Structures are given as C-alpha cells and as structure tokens.
K.L.:
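Could you have a look at this structure, given as structure tokens, before my questions?
Treat the numbers as computed from the prediction; the structure is a model and nothing was measured.
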Protein chains: 2
Amino acid sequence: MELQRFLPYQLVVLADAVSRSIAQVYAERFDLSRDEWRVLAALAKTGTMKSRDAALYATLDKMQVSRAVAGLERAGLLTRTIDPEDRRNRILELTASGRELLRKLVPMVEAREAFLLEALAPEERAQLQSMIGRLTERAQQLERHG
Amino acid sequence: MELQRFLPYQLVVLADAVSRSIAQVYAERFDLSRDEWRVLAALAKTGTMKSRDAALYATLDKMQVSRAVAGLERAGLLTRTIDPEDRRNRILELTASGRELLRKLVPMVEAREAFLLEALAPEERAQLQSMIGRLTERAQQLERHG
DNA sequence: TATTGTTATACTCTATAACTATA
DNA sequence: TATAGTTATAGAGTATAACAATA
C-alpha cells in the first residue's frame, strides 16, 4: 500500500485543492457557502428552476437545497414561490441582484478553471472529461453495492 | 456557466463518490475516521514514521495528525514514543494489531481501486496519473496566490 | 401512501489560536 | 525565536429523522 499512488487519495487531494481555490472566489469575495454557490450556478443558465431539479442538477440533497435557498433568499439573490401546478414544489428564480452577482462571479471562477486547464493539451481535456465520467459512474456503483 | 461541465464541480463529484466508496471500508467495517485511515496508510509501507512526516506524507495538518494518532493509540493500533534525537518529535509505530488490521483492510480498498480502474484502458491510467499531478500542482498555485 | 420541502437534533469536522516542551 | 505537538473553542457542515403540506 502506497498512499501517494492510491487513486482515491490522489483524487481527493486534487479535488480539495481545486475546491479551495474556487471557494476563495465564492466564499471570500461573495460570502457564499459551497451549497449556495452550487444552487446559484444551477440557476445560472435559465435563471429559474424547481428546488427538486436544483438538487438533482447540483448533486445536493433536499435539505442542503432548502438551507442554501433560505440563505440566498435572505440575501436577496433569488425568490422562492409555490408552483401553482403542484403546490408541493418551490420555483426558484434569480433576482436582478442574483444575476448581477453571477455576472461578476462566473468570469472569475471560469478564469480559475481556464488556468487549471492550461496544464492539459486540448486532446487531454477531452480524454479527462471522458475518464471522469466513467470513473464517477463506477464509483457510484461501488457506493450503492456497499 | 454550466455546472455539469465545470471541471472543479466534476472533480468534486467524482472525488466525493470515490471517497464514500472507500470510507465504506475503513469507516463502516473498521471504525476508523478518514484521518486515522490516512495515518495508518502512511505507516503501511515501513511501519514507522515521525508525526511530522506522516502529516506531510498524508496531506494532513499537525492537529489532524495529533487527533488521529490519539485515536489510533487508544485503539491499540500504534504506539507513540518520544524521539531521543529531538525530544519534540513523536515516533509512530504500528503495533501487531495495527499491522493485522492493515493486512485485512488494504486488500479491500485496493480491490475497490481496481474496480474503478477497470473503467480505464492501461494507457489511460498513466495519462490520468500524469494529468492529476499537473492539475494538483496548478490548483495549489491558485490557492497560494489567492 | 408517496413526494416536496422544512425544521430539529446530535454529531463530526474545521479553522484558529493559545499553549507546552523542546531546540 | 522557531518548531513539534497538544488542547480549547467556536463555527460550519453532515446525517438522520420527524414533521407539515400536498398529491
């Protein structure tokens, strides 16, 4: 057993370092928790989404979304309204201030992602995407079968 | 901004799934915390190491090592003695029971790693290693420069 | 009965720093 | 003064489950 060559360890060390470097932007500069940032990012494309879909899209559970949404609503970054078609659902929608925050934040995190990707040749980026997808699939299989 | 295509997000989702699948072994079956498992794994090769080196080798800080070592000592898995050459250091050493635990645990986590690696062709494994190394280096650069 | 979302609780982790001892 | 390690503390995050509203 050599910890340094153990893939799960290497992945965690990498993901932790990458996470911290992204958190420097959303946490330190914009005072968001990781889950709040993920919910905002989930909303970035369309500006609106049901809570349940935000959970699926951002790999969060319903409790994490509920708390993140409460924080984002308090900060005036989104609104939460009851879905008239199924009153159990909540429809989340970015406010002008939420969109404005994303306009500032997104380029900053994308610049960090671009800096990371400079470590890879273009064809390597596609290979990495593909490998991450396959590995994630298998890790989830392992998790499920205990 | 598309969260699903954002490399930091993909890496965290992958590392979390992989971590949980490995934790099922060391936490559920052997009642170890993540940091305890890392310290044990650091000791796996030689059986002995200074606390400070364990921290460097396992990417933990001195406080995490101190707590993990206290737990492992309580469980009888290692001993902690003062280094006669520099009495500030602690020398960690696996007990027979610690070695025995690793003899059972290591093949189980390695089997899980092998299952993950089946998702990749042999040449992809080498490419992934190389990419992880380069990305980790750059992520640490980002972290340091805020 | 099942699903969506909220709230409560206890537990664990984390970050920071103060502190001891040794050098 | 600097380093290795320990302890204290508060804050954040996590997991579980109970709960309310709706379907």
Side-chain angles (χ1 to χ4, degrees), chain A residues 12-13 15-17 19-24 26-28 30-39 42 48-75 78-93 143 146, chain B residues 12-13 15-17 19-21 23-24 26-28 30-39 42 48-74 78-93 143 146:
Chain A
V12 166
V13 171
D16 281 356
S19 283
R20 281 190 302 266
S21 79
I22 299 298
Q24 286 178 346
Y26 65 69
E28 295 174 18
F30 294 91
D31 196 31
L32 298 169
S33 72
R34 189 202 65 165
D35 294 351
E36 287 167 350
W37 149 245
R38 281 217 196 154
V39 169
T48 183
M49 197 175 252
K50 290 174 192 159
S51 273
R52 197 180 145 280
D53 295 330
L56 288 174
Y57 189 83
T59 318
L60 296 170
D61 68 29
K62 63 184 184 171
M63 195 201 48
Q64 290 173 305
V65 171
S66 176
R67 293 222 172 113
V69 164
L72 293 169
E73 199 180 26
R74 225 179 300 117
L78 57 71
T79 59
R80 185 189 44 166
T81 57
I82 292 175
D83 179 357
E85 292 185 8
D86 181 339
R87 297 177 49 78
R88 291 173 301 184
N89 294 332
R90 298 292 177 270
I91 295 175
L92 310 178
E93 188 170 4
E143 256 190 283
Chain B
V12 166
V13 170
D16 280 357
S19 284
R20 280 191 303 265
S21 81
Q24 285 177 346
Y26 64 70
E28 294 173 19
F30 294 90
D31 197 31
L32 298 169
S33 72
R34 190 202 63 165
D35 294 351
E36 286 167 352
W37 148 244
R38 282 219 197 152
V39 169
T48 182
M49 196 174 253
K50 290 176 191 157
S51 273
R52 196 180 147 281
D53 295 330
L56 288 173
Y57 189 82
T59 319
L60 295 171
D61 67 32
K62 62 184 184 174
M63 195 201 48
Q64 290 173 306
V65 171
S66 175
R67 293 223 172 110
V69 164
L72 293 168
E73 198 180 27
R74 224 178 301 120
L78 57 71
T79 58
R80 185 190 44 167
T81 56
I82 292 176
D83 180 358
E85 293 185 6
D86 181 339
R87 296 177 48 77
R88 291 173 302 184
N89 294 333
R90 298 292 176 271
I91 294 174
L92 310 178
E93 188 169 5
E143 257 190 282

K.L.:
Mind calculating the distance between CD (A:E143) and P (D:dA15) to the nearest angstrom?
P.N.:
10 Å
K.L.:
Would you tell me if any nitrogen or oxygen in the side chain of B:S51 comes within less than 4.0 Å of OP1 or OP2 on D:dG5?
P.N.:
yes
K.L.:
Suppose we call a contact any N or O donor and acceptor under 3.5 Å apart; does that hold for the side chain of B:R88 and the base of D:dT3?
P.N.:
yes
K.L.:
Expressed in angstrom and rounded to an integer, what is the separation of A:L92 atom CG from C:dT6 atom P?
P.N.:
9 Å
K.L.:
Measure from the side chain of A:R67, starting at C-beta and using heavy atoms only, and say which of D:dA15, C:dC13, C:dT6 lies closest.
P.N.:
D:dA15
K.L.:
Taking all atoms of both residues into account, what is the closest heavy-atom pair of A:W37 and A:I22, and its distance?
P.N.:
NE1-CG2, 4.5 Å
K.L.:
Send over the distance from B:D83 CG to C:dA21 P, rounded to a whole Å.
P.N.:
18 Å
K.L.:
Would you give the length of the straight line joining atom CE of B:M49 to atom CG of B:L78, rounded to the nearest 0.5 angstrom?
P.N.:
12.0 Å
K.L.:
Taking the nucleotide of DNA chain C with the closest heavy atom to each, which residue, A:D86 or A:A70, is nearer the 5' end?
P.N.:
A:D86
K.L.:
Checking contacts here: which listed nucleotide (C:dG5, D:dG5, D:dT7) is nearest the side-chain heavy atoms of B:K62?
P.N.:
D:dG5
K.L.:
Which nucleotide in the list D:dT14, D:dA23, D:dT6 gets nearest to the side chain of A:R34?
P.N.:
D:dT14
K.L.:
Given atom CG of A:D53 and atom C1' of C:dT3, what is their separation to the nearest angstrom?
P.N.:
13 Å
K.L.:
A:R87 side chain N/O closer than 4.0 Å to the phosphate oxygens (OP1, OP2) of C:dT3?
P.N.:
no
K.L.:
How long is the line joining CG of B:D31 and P of C:dT12, in whole Å?
P.N.:
10 Å
K.L.:
Using a 4.0 Å heavy-atom cut-off, does B:D61 contact any base of the nucleic acid, only the sugar-phosphate backbone, or nothing at all?
P.N.:
nothing
K.L.:
Please report the shortest heavy-atom distance between A:A42 and A:Y57, naming the atom on each side.
P.N.:
CB-CD2, 3.5 Å
K.L.:
Rounded at 0.5 Å granularity, tell me how far CZ in A:R74 sits from CD in A:E36.
P.N.:
8.0 Å
K.L.:
Is A:Q64 near enough to D:dG13 that one of its side-chain N or O atoms lies under 4.0 angstrom from OP1 or OP2?
P.N.:
no
K.L.:
Name the residue closer to the 5' end of DNA chain C, choosing between A:R20 and A:V69 according to the nucleotide with the nearest heavy atom.
P.N.:
A:V69
K.L.:
Do A:R90 and A:V69 have side chains that get closer than 4.5 Å, going by heavy atoms?
P.N.:
no
K.L.:
How close or far is atom C1' of C:dT20 from atom CE of B:M63, stated in whole angstroms?
P.N.:
17 Å
K.L.:
Between atom CG in A:N89 and atom P in D:dT22, what is the gap in whole Å?
P.N.:
12 Å
K.L.:
Just how far, in rounded Å, is P of D:dT6 from CG of B:L72?
P.N.:
12 Å
K.L.:
Out of D:dT22, C:dC13, D:dT6, which has the shortest distance to the side chain of B:S33?
P.N.:
C:dC13
